[in-house]
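Below is one structure; the comments refer to it alone.
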Amino acid sequence: MGLSGINFKQIEEKWQERWAESKIFESEPIKNKPKVFVTFPYPYMDGPLHVGHAFTSLRCEIFARYKRLKGYNVLFPWAWHWTGEPIAGAAKRIAAGDEMLIKMIHKTSKVPLDEVKKFTDPLYMAKYFTEVSRRIIKRLGYSIDWRREFHTTSYHKEYSAFIRWQYNKLRSLGFVVKGSHPVVWCPKDKSPTGDHDRLIGEGVSAEQMNLIKFKFEDSYLVAATLRPETIFGVTNIWINPDDTYVKIKLGNEKWIVNEYTLQKLENQDYNFEILEKFKGEKIIGKYAEAPLVKRKILILPAFFIDPYLGTGIVYSVPSHAPYDWMGLKFIKENKEILEKFNLNHEEIKNIEPISIINLEGYGEHPAIYVVEKMKINSIKDPKLEEASKEVYLEEFNKGIMKDNCLNFSGMKVKEAKEKIIQYLKNLGMLEQIWDLLYPVVCRCGTRCIVSIFKDQWFLKYSAQEWKEKALKALSKMKIFPEEARSWFIETIKWLDDKACARKSGLGTPLPWDENWIVETLSDSTIYMCFYIISKYVNQGFLNYENLKDDFFDYVFLGKGNEDEIERICKVNRDLLRKIREEFLYWYPVDLRVSAKELLPNHLTFYIFHHVAIFPEEFWPRMIGVNGLVNIEGQKLSKSRGIVVTIEEAVEKFGADTVRLFLALSAEDMNDCEWKWSNVEKVQSHLSSFFNFVYKIIEMENIERKTEMDNWLRSVFYRKIIKIEELLEELKIRSAANLAFYEIWSDIKWYVSRTDNPNPIFLKNIIKDWLIILSIFIPHICEELWEMMGNKNFVSTSTWPEAKIEYIDVIEEAKEEMVIKMYEDAKRLLERKKEATRIYIYLPREIKYSIIKDVDEMIKVGKKRKDIFDTLIKKYFDVIKDKSQLTKTINEILEHYFGINETLRNAINKAKEVDLKVAESLIKIFSREGYSCTLFKETDENIYDPMRKMESALPFKLGFYLA
RNA sequence: GCAGGGGUUCCCGAGCCAGGUCUAAGGGGCGGGACUCAAGAUCCCGUGGCUUAAAGGCCAGCGUGGGUUCAAAUCCCACCCCCUGCACCA
């Protein structure tokens, strides 16, 4: 048989077909059988599934298979996410003939060009990727109950009915409210510009700016600032002479701002009328009056003002703002400009910085101090930005308002800032608008502004009682890894109201306001309970006409009168009860797993919505969080084409290889590194594994006990216990490593240590081993399982029980020592190559006694010093030489800390172990052609020229080579 | 900036919460050897420095710098660097 070339593909197809035929993963409630419900967040269908999806979902799959073998009734369903903007957006762009996008989809998503052309229809696109993805998930051999499959959006009327119920519920609970919200806005597209829609300005969000009014003639010059507390240090106003300014009428007031500001005001609900337009230079040299300080100040020219930021008008505080200081310095030294704008030289020379904030270590004028420290000489020096930041942060955090700040004097800047804003607001001299502190440019090339979105629907995550419930749920939940918990806590605390509806994209309309579509993260929160409904929908027992709100109230919450529901929803009472019972059986979700990027949003919303809608017994039980997948050292990125689809991977290496590779790749929140060369390596390991097991299966069926049987049984079942512990904590990588590599190497060691391994015994071990491995590599395991003559599926067999009597501490300790001593002796032989005889020495009896005492005392927590003193007293009669005794005890103490747990467990039997080890070593070395002799203390005629018996210790034999 | 995670020997990666078992697990790569016609697979040895004239030896090492302790990769403080998230985007 040509074993070396295993046909993975053929084996995988064979078993996938058989599983499907026998419906072993179709889960129905079974009374009194404990259940486990595992879910993976339904993937978004704007492309084929990639190895990142596989990495995460595999944790669900492995956990599901493990629990199934442990005797649980396991439900692992699957569904598809279509809700949102990207599918619709891509369809639009393809319709518009976006060649770049078409090429990208063709190339990275591996879609034939004639298919891409049909993607002008978003529905077609979603369906296409769903088909492709279903096929590939099946090829991975997941143990999924496919009868419960569904997809989202109004294209699935039953799902929409479910969302409608959920949102009516949330609204009636007061968790959906109307409000307004600032968004980054493209004035040309007339739509919000999310991070993904931007050419420039990723991560920039709307921030509040203060507008301070300076009296000027019949109107106000409206200056924008982030630091209203500096108003006490104002010396002049800056205007860009080349910019266009406008005088506008707002209510009873007249404002002057630059022209660009108008669209900000428009979008932020200000009504105004334009009275006049003029160039900045027109008002340069005139005077305005600062509020609060009531100072007359000059309007001066400045070219450093960014017309897009604020209002195009800035008030100058040279003592605390490096830009202002450099601007002032520049103008004082620049006669040309003074003349051009007809400014009085003397007057300008007299403008001096006014210090209003005390900042330790920065001198009288922090701005000047920092400018000098950073050696900034020009108004155009880019370091000015950094200088401004430093002064701002330091003053904000450590500054104290000086005596010249009215009743704000003596306050910390942090505190004064808020109070001054309030004070000026009350005086009517300050307003706040939203602005972007850094430029944002839409993909269409337009500079973005901030717009206030009115009449937006929000989920009220700010509600205190909601947060508290979420925190309570979290505290009862198991989180893997535990480090993720604090992140959840922070997120729950930090979360504010969140807009939950959009105007565009695919999805389900808000039931009471059909212009809005429930946004994607907001409709994916409690849908796991829909897996119970969707089975009946798919089987034709239910359709959307049955799925009125009353139906869901009854099935999910046990509310309502059966007669009435039967009548209103036209659902037969028995069916109704059956569905309700099925819900009660499967819910809550036991385990949900996602990558860490979904933690601060989806997973947290998942908790929020469950606690809002369901009673406590249906709150989620466990959440697993894992890292991301990098491709050959680069971040996975669909848009940059750095992506490996599951299809590619499975096509090249087969499902078991991909599964094992991913299972072994990274644990906890660490990222997985996808490397083709390593995947290949795993495949070759799988081939050898197959051959290795095959050879054992081929062995003759006879029982032939060996002295290593107990050892293998002991380490094997001990490892199974460890694997269980790891799987319970979702430590897939460690579990896979133990189960595959470490157990394998134990079995290899067993085979090499026995001249004739025991076939029956070995086959029993292999049988249990296959069961364990089947959670990682089910296809190969089924194949080998069948070769062993088993008639059932390994996937539905029973997890091996590690019986306590299988564990043999002494055997384990012995074998571990054999390995170690063998290595030691080998090292010596290296140095003395001519040796032909090996003398082995057991330690003196007294040392066994001492180490036993040490062990006992350590275990009851005695201090090292006490132990030492006790031992000196106890053994002084035996070893009269005190220095000799001290030396011995010290030596044993050091040695004790040097041995590992296995050996410590066997300390009571140390002598027995040592003897066995010595015998094993003699056997091994005799086989290698050395002549060996063993000596113990009680022997006569001990040949020990190097006094090796003296230096031998329990678990450390002495050697002499000659 | 804020929040969370992390920086370990050539690489990946465990250990850190509960300080002594760390001369740092386990892989991988690389070098050498065995087997083989050969390749692959498999097995063995080596993979910080020094010393092996000394028989299982000594020293250094866990982002940087301090501190606590008889003892620190592990605890405390400060700093540097990397990753993720920060909202209307899935």
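Since the model is a prediction, treat every value here as computed from it, not as a measurement. Within every chain, numbering begins at 1; the chains are lettered A, B, ... in the order of the sequence lines, protein sequences first and strands thereafter.
When the P atom is used for both A55(B) and G61(B), the distance is 28 Å, rounded to whole Å. Separating the P atom of G49(B) from that of A54(B) is a span of 24 Å, rounded to the nearest Å. Taking atom C1' on both C79(B) and C86(B), the two are 25 Å apart, rounded to the nearest angstrom. With P as the reference atom, G63(B) and G7(B) are 7 Å apart, rounded to whole Å. Across the P atoms, C35(B) and G29(B) are found 22 Å apart, a figure rounded to whole Å. For the C1' atoms, the distance from C16(B) to G5(B) is 15 Å, rounded to whole Å. Between the C1' atoms of G27(B) and G15(B), the separation comes to 16 Å (whole Å). A73(B) sits 14 Å from G6(B) when the C1' atoms are compared, rounded to a whole Å.
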For this session: Do nucleotides 81-90 of chain B as a string where each nucleotide becomes B, S or -: B if the base has a protein heavy atom under 4.0 Å, S if just the sugar-phosphate does, - if no protein is that close.
Result: --SSSSBBBB

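In terms of modelled atom types and a separation under 3.5 Å, the side chain of D523(A) and the main chain of V518(A) share no donor-acceptor contact. Counting only distance, with no hydrogens or angles, the side chain of S688(A) and the backbone of S684(A) share a donor-acceptor pair below 3.5 Å.
Nucleotide A25(B) holds its P atom 20 Å from the NZ atom of K731(A), rounded to whole Å. To the nearest angstrom, P of U42(B) lies 15 Å from CD1 of I747(A). In this structure, E680(A) places its CD atom 13 Å from P of G40(B), rounding to the nearest Å. In this entry the distance linking CD1 of I492(A) with P of G4(B) reads 14 Å, nearest Å. In this structure, the NZ atom of K675(A) is 14 Å from the P atom of G28(B), given to the nearest Å. Rounded to an integer number of Å, the gap from W676(A) CH2 to G28(B) C1' is 19 Å. E742(A) places its CD atom 7 Å from the P atom of G27(B), with the value rounded to the nearest Å. The distance between atom NZ of K722(A) and atom P of A25(B), rounded to the nearest whole Å, is 17 Å.
Of the nucleotides present, G49(B) is the one that pairs with C58(B) by Watson-Crick or G-U wobble criteria, both distances under 3.5 Å. The partner of G85(B) is C2(B), by the rule that a Watson-Crick or G-U pair needs both atom distances under 3.5 Å. Pairing for G19(B) is absent, judged as Watson-Crick or G-U wobble with the two contacts each under 3.5 Å. Figure legend. A38(B) is base-paired to no nucleotide; pairs are counted as Watson-Crick or G-U wobble with both atom distances under 3.5 Å. Base pairing of A14(B) is not made with any nucleotide, judged by Watson-Crick or G-U wobble geometry with both donor-acceptor distances under 3.5 Å.
Under the 4.0 Å criterion applied to side-chain N and carboxylate O atoms, D668(A) and K596(A) are not assigned as salt-bridge partners.
At the phosphate of G5(B), OP1 or OP2 sits under 4.0 Å from a side-chain N or O atom of S486(A). Taking only side-chain nitrogens and oxygens, N670(A) comes nearer than 4.0 Å to OP1 or OP2 of A14(B).
The one candidate from F661(A), F692(A), F689(A) that meets the ring pair (Phe, Tyr, Trp, His ring centres under 6.0 Å) condition with F740(A) is F689(A). Considering D671(A), T56(A), N670(A) in turn, T56(A) is the only one that fulfils the side-chain hydrogen bond (donor to acceptor under 3.5 Å, both in side chains) rule with N626(A). A ring pair (Phe, Tyr, Trp, His ring centres under 6.0 Å) with H181(A) is found for one member of W434(A), F458(A), F453(A) and no other, namely F458(A).
Residues satisfying the ring pair (Phe, Tyr, Trp, His ring centres under 6.0 Å) criterion with W487(A), sequence neighbours excluded, are absent altogether.
Ring-base stacking between Y960(A) and A55(B) is satisfied, the centre separation being under 5.5 Å and the plane angle under 30°.
As judged by a 4.0 angstrom heavy-atom cut-off over every strand, G627(A) is placed among residues making no nucleic acid contact. No contact: I517(A) has no heavy atom under 4.0 Å from any strand. Within the 4.0 angstrom heavy-atom criterion, only backbone atoms of the sugar-phosphate kind lie near K681(A); the bases stay farther away.
Within a 6.0 Å radius of NZ in K638(A), more than 12 heavy atoms belonging to other residues, nucleotides or ligands are found.
Residues T604(A) and T491(A) have side chains that never bring a donor and an acceptor to within less than 3.5 angstrom of each other.
If T491(A) and H685(A) are placed on RNA chain B by their nearest nucleotide, the residue sitting closer to the 5' end is T491(A). If you find the closest nucleotide of RNA chain B to L957(A) and to E673(A), the one lying nearer the 5' end belongs to E673(A).
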